[in-house]
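Since the structure comes first, as structure tokens, the remarks are kept for the end.
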Amino acid sequence: MIKITFPDKNVREYPQGTTAHEIAKSISEGLARNVYAAKVNGEVWDSSRPIQADATLQLLTWEDKEGKSTMWHSSAHLMAEALEIFYPGVKFGIGPPVENGFYYDIDLGGQTISSDDFKKIEDKMLELAKQGNAYTRKEISKKDAIDFFTQKGDEYKLDLIKDLEDGSITLYEQGNFVDLCRGPHIPNTSLIKAVKLTNIAGAYWRGDEKNKQLTRVYGITFPKKSQLDEYVLMLEEAKKRDHRKIGKEMEIFTFDDDVGPGLPLWLPNGAVLIEQLEKLAKDNERKAGYQRVRTPHIAKESMYLTSGHLPYYEDSMFPPMIFDGEKYYLKAMNCPHHHKIFKELNPSYKDLPVRLAEYGTCYRYEQSGELFGLMRVRALQMNDAHIYCTKEQFADEFRAVNEMYLKYFKIFNIEKYVMRFSTHAPEKLGKKYVDEPELWLETEDMVRKVLIESNIPYVEVPDEGAFYGPKIDVQVWSAIGREFTLATNQVDFAVPGRFGLTYRNAQNQLETPICIHRAPLGTHERFIGFLIEHFAGNFPIWLAPNQVSILPISEKFNDYAKKVLQSLINSDIRGLVDVRDEKIGKKIRDAEIKKVPYMLIIGEKESIESKVSVRKHGQGDLGSFTLPEFAKIIEDEINNALNVK
RNA sequence: GCCGAUGUAGCUCAGUUGGCCAGAGCUACUGAUUUGUAAUCAGUGGGUCGGGGGUUCGAAUCCCUCCAUCGGCUCCA
């Protein structure tokens with residue numbers, strides 16, 4: 001007998017060689033039917049694999065992340081089986097599960113596949129699924145594996161086998177399809193009840209652009225048809241929140257062919273968003289001891305040679321303009337300009353830390369295929385600042401920057417975030433990273449310590465640091481599931497030295513400061529793109545481009561409406577009057593659609609009583625108020641939103 | 001940059017076996033209406049069918065090419 005420990009610490013005894021499936025069956029038939037795989041001693045196994053010794057066991061179903069992955073991985077095999085029927089001779093690359101479904105990379109030879117073919121493939125997959133074929137695992141020698149795929153003529157599988165060790169190679173077979181695969185898989189195909197192929201794209205073999213490009217077919221499957229319907233509905237909802245769609249509807253930004261790709265035009269509403277963000281940032285930075293500076297958009301080649309950016313990042317910068325016999329570059333980052341300002345300030349240790357802030361405008365030559373709405377652009381404005389400090393001051397400064405991040409997260413109600421702590425790889429010192437082994441370790445320790453002390457969730461990613469030091473990237477997820485780097489906080493112990501930046505210490509000796517590059521609000525472009533999706537366009541009142549729409553019942557009350565507007569403007573409230581000759585229902589509907597936070601309805605009653613009827617977006621009628629009362633409502637709401645603890 | 005798809009009015013979209021002056025709704029404008037919490041009625045205007053080239057008696061529709069956008073890949077200081 002062996003002892004099986006369940007996640008709730010319960011221990012039960014089973015005969016040696018029992019399987020997870022049998023264990024599930026001993027609990028309930030229903031559970032057994034829904035078990036996709038099992039986590040045995042932390043490793044995911046087929047539920048049919050015999051367990052030979054004492055173990056911890058977690059049964060995996062659709063409810064578990066690994067259960068879903070197993071389901072989708074098996075679905076990729078099922079799709080491959082269907083593809084092999086329609087496209088004889090098709091060769092297979094890899095077919096893993098992903099966050100939402102799975103894909104398979106295929107080489108169709110001369111054949112083509114398009115989304116028009118999805119239906120017949122989906123139907124075939126369902127037909128095969130109904131057969132309920134078991135996924136069977138086979139251990140195979142390296143030689144046999146090579147023979148098998150040589151005969152099949154699948155060079156991609158052979159390429160994969162090449163890197164595998166003899167004795168660790170397994171095949172999985174279901175129906176008429178055999179695949180090189182580590183597994184695990186669901187027991188049989190009948191668990192797949194709903195199928196949707198979602199997308200088709202090119203992908204390089206092994207992710208290397210020097211290799212051949214394969215066709216990647218994406219799909220997703222579910223154990224119930226109703227779940228697929230829900231998923232499709234969710235995709236449609238996500239589309240409605242897309243910042244490109246809302247950005248257009250709410251007249252926030254636009255792109256124009258004549259201006260150029262990746263170069264956003266901010267419409268008046270977008271400019272208000274920018275102004276409010278800058279106000280927030282500048283206010284916080286002022287209170288935190290930052291000084292504002294302003295620098296030109298271009299600089300000479302020599303500065304980027306000094307900074308060390310040019311040799312590494314020239315491809316990402318716009319080509320230089322040449323005049324007066326000199327090369328000038330559009331700036332892709334603000335740091336070198338700020339370093340020059342630090343140098344001019346020539347501070348002593350008593351002046352440190354020096355914190356230089358600028359909403360700097362940068363230009364980056366992103367590859368054309370990378371451009372993506374506001375999230376990836378070629379012209380951007382960064383919530384940038386550089387903090388120059390001594391080694392002793394570093395931890396406090398770094399902590400203060402992180403605290404500023406956390407404050408912003410509260411203001412914007414950002415709950416899901418992770419800090420990616422990027423460190424160096426010792427073997428790449430002198431190549432990818434500046435050759436300062438001790439400084440690297442020392443700084444990384446300091447950063448780690450601050451993160452741990454501040455209780456900030458983080459993941460450490462080796463070998464992703466900047467060339468001048470370790471960094472923290474803040475990953476966030478927009479409401480529709482897009483993940484991206486919003487903000488960055490980087491340590492730089494190298495470039496100040498290259499610029500010859502120094503300060504006098506207490507012993508009257510010259511020392512080089514450490515520099516912290518930080519941008520808690522990232523760039524206006526990405527941040528606003530994120531905020532649009534985050535709030536689905538329903539901005540908090542302090543950000544909303546138009547805070548109040550004043551809606552006269554009829555033309556007779558336009559004059560009073562205009563007086564109300566002027567009074568709001570005098571109280572620093574943004575609003576407009578809807579003077580169109582429309583019925584009040586229509587004006588309300590339009591204001592609701594435009595997501596205006598407050599509507600003031602004004603008719604005979606209000607004009608006589610010198611009041612306004614207040615309607616809140618998404619909530620409805622709040623009743624009648626005097627103007628000072630209404631202004632107070634807005635003022636309180638703004639204070640509540642901005643003064644977080 | 002690579003693979004694939006898409007591009008018709010300010011917006012959302014019809015319109016392919018190639019064939020009358022290219023359509024609809026919303027928006028805008030004009031008129032009527034003077035309205036009480038999510039769409040009043042009528043009329044009018046508006047399009048180099050992404051750009052260029054080609055095939056054809058004839059092209060939004062077929063071909064070539066360029067540009068842009070979208071979905072991925074690669075990249076992301």
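None of these values were measured; they are calculated from a predicted model. A note on names: the letters A, B, ... follow the listed sequences, proteins ahead of strands, and every chain is numbered from 1.
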Which part of the nucleic acid does [X] contact within heavy-atom distance under 4.0 Å: base, sugar-phosphate only, or nothing?
{"X": "Gly585(A)", "value": "sugar-phosphate"}
{"X": "Thr198(A)", "value": "nothing"}
{"X": "Tyr103(A)", "value": "nothing"}
{"X": "Ile584(A)", "value": "sugar-phosphate"}
{"X": "Arg244(A)", "value": "sugar-phosphate"}
{"X": "Leu551(A)", "value": "nothing"}
{"X": "Gln490(A)", "value": "sugar-phosphate"}
{"X": "Tyr218(A)", "value": "sugar-phosphate"}
{"X": "Glu366(A)", "value": "nothing"}
{"X": "Lys605(A)", "value": "base"}
{"X": "Phe467(A)", "value": "nothing"}
{"X": "Gly260(A)", "value": "nothing"}
{"X": "Ala332(A)", "value": "base"}

Measure from the side-chain heavy atoms of [X] and tell me the nearest of [options].
{"X": "Gln367(A)", "options": "rU74(B), rC73(B), rC26(B)", "result": "rU74(B)"}
{"X": "His309(A)", "options": "rA77(B), rC73(B), rU69(B)", "result": "rA77(B)"}
{"X": "Lys471(A)", "options": "rA38(B), rA77(B), rU35(B)", "result": "rA77(B)"}
{"X": "Ser316(A)", "options": "rU35(B), rA77(B), rU37(B)", "result": "rA77(B)"}

Provide, to the nearest angstrom, the distance between the [atom1] atom belonging to [X] and the [atom2] atom belonging to [N].
{"X": "His386(A)", "N": "rA77(B)", "atom1": "NE2", "atom2": "C1'", "value": "10 Å"}
{"X": "Lys586(A)", "N": "rG36(B)", "atom1": "NZ", "atom2": "P", "value": "17 Å"}
{"X": "Arg364(A)", "N": "rG1(B)", "atom1": "CZ", "atom2": "C1'", "value": "19 Å"}
{"X": "Tyr560(A)", "N": "rG36(B)", "atom1": "OH", "atom2": "C1'", "value": "15 Å"}
{"X": "Ile472(A)", "N": "rA77(B)", "atom1": "CD1", "atom2": "P", "value": "16 Å"}
{"X": "Arg216(A)", "N": "rA5(B)", "atom1": "CZ", "atom2": "C1'", "value": "17 Å"}
{"X": "Asp257(A)", "N": "rU6(B)", "atom1": "CG", "atom2": "P", "value": "19 Å"}
{"X": "Lys245(A)", "N": "rC70(B)", "atom1": "NZ", "atom2": "P", "value": "15 Å"}

Backbone N/O of Asp578(A) and side chain of Lys587(A): donor-acceptor pair under 3.5 Å: yes

Lys583(A) side chain near rU33(B) phosphate (N/O to OP1/OP2, under 4.0 Å):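 Result: no.
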
rG1(B) OP1/OP2 closer than 4.0 Å to side-chain N/O of Ser368(A): yes

Suppose you measure atom [atom1] in [N] against the same atom in [M]; what distance do you get, rounded to whole Å?
{"N": "rG47(B)", "M": "rU12(B)", "atom1": "C1'", "value": "15 Å"}
{"N": "rU55(B)", "M": "rU65(B)", "atom1": "C1'", "value": "15 Å"}
{"N": "rG1(B)", "M": "rC64(B)", "atom1": "C1'", "value": "22 Å"}
{"N": "rU44(B)", "M": "rU61(B)", "atom1": "P", "value": "30 Å"}
{"N": "rU48(B)", "M": "rA60(B)", "atom1": "C1'", "value": "12 Å"}
{"N": "rC11(B)", "M": "rC75(B)", "atom1": "P", "value": "36 Å"}
{"N": "rC49(B)", "M": "rG31(B)", "atom1": "C1'", "value": "33 Å"}
{"N": "rU37(B)", "M": "rG43(B)", "atom1": "P", "value": "28 Å"}

Quick one: look up who [N] pairs with, Watson-Crick or G-U, both distances under 3.5 Å, and put none if it's unpaired.
{"N": "rC13(B)", "value": "rG23(B)"}
{"N": "rA5(B)", "value": "rU69(B)"}
{"N": "rA77(B)", "value": "none"}
{"N": "rA32(B)", "value": "rU40(B)"}
{"N": "rU56(B)", "value": "none"}
{"N": "rC49(B)", "value": "none"}

With a 4.0 Å cut-off, would you call [X] and [Y] a salt bridge?
{"X": "Arg580(A)", "Y": "Asp590(A)", "result": "yes"}
{"X": "Arg294(A)", "Y": "Glu358(A)", "result": "no"}
{"X": "Arg355(A)", "Y": "Glu397(A)", "result": "yes"}

Pair Tyr304(A), Glu314(A): side-chain N/O donor-acceptor within cut-off below 3.5 Å: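 No pair is found: no donor N or O on one side chain lies under 3.5 Å from an acceptor on the other.
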
Asp473(A) vs Lys471(A), salt bridge (charged side-chain N to carboxylate O under 4.0 Å, His left out): CA-CA, chis, key distance, verdict: CA-CA 7 Å; Asp473(A) 288 326; Lys471(A) 63 173 181 175; 3.4 Å; yes

Under the 3.5 Å rule, do the base of [N] and the side chain of [X] count as making a donor-acceptor pair?
{"X": "Arg615(A)", "N": "rA38(B)", "result": "yes"}
{"X": "Gln213(A)", "N": "rC73(B)", "result": "no"}
{"X": "Glu606(A)", "N": "rG36(B)", "result": "yes"}
{"X": "Ser554(A)", "N": "rU35(B)", "result": "no"}
{"X": "Tyr204(A)", "N": "rG1(B)", "result": "yes"}
{"X": "Glu555(A)", "N": "rU35(B)", "result": "no"}

Over 12 non-hydrogen atoms of neighbours within 6.0 angstrom of CD in Glu629(A): yes

Given RNA chain B, 5'-ward residue of the pair Tyr468(A) and Ser613(A), judged by closest heavy atom: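 Result of the comparison: Ser613(A).
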
Residue whose closest nucleotide on RNA chain B lies nearer the 5' end, His617(A) versus Glu370(A): His617(A)

Minimum heavy-atom distance Pro496(A)-Asp492(A), with the two atoms named: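 Taking Pro496(A) first and Asp492(A) second, the nearest heavy atoms are CD-OD1, 3.4 Å.
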
Single hit among Asn538(A), Val596(A), Ile541(A) for side chain to side chain contact (heavy atoms under 4.5 Å, CB included) with His617(A):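 It is Asn538(A), the one option of Asn538(A), Val596(A), Ile541(A) that forms the side chain to side chain contact (heavy atoms under 4.5 Å, CB included) with His617(A).
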
Euclidean distance, Leu486(A) CG relative to Phe484(A) CZ, rounded to 0.5 Å: 6.0 Å

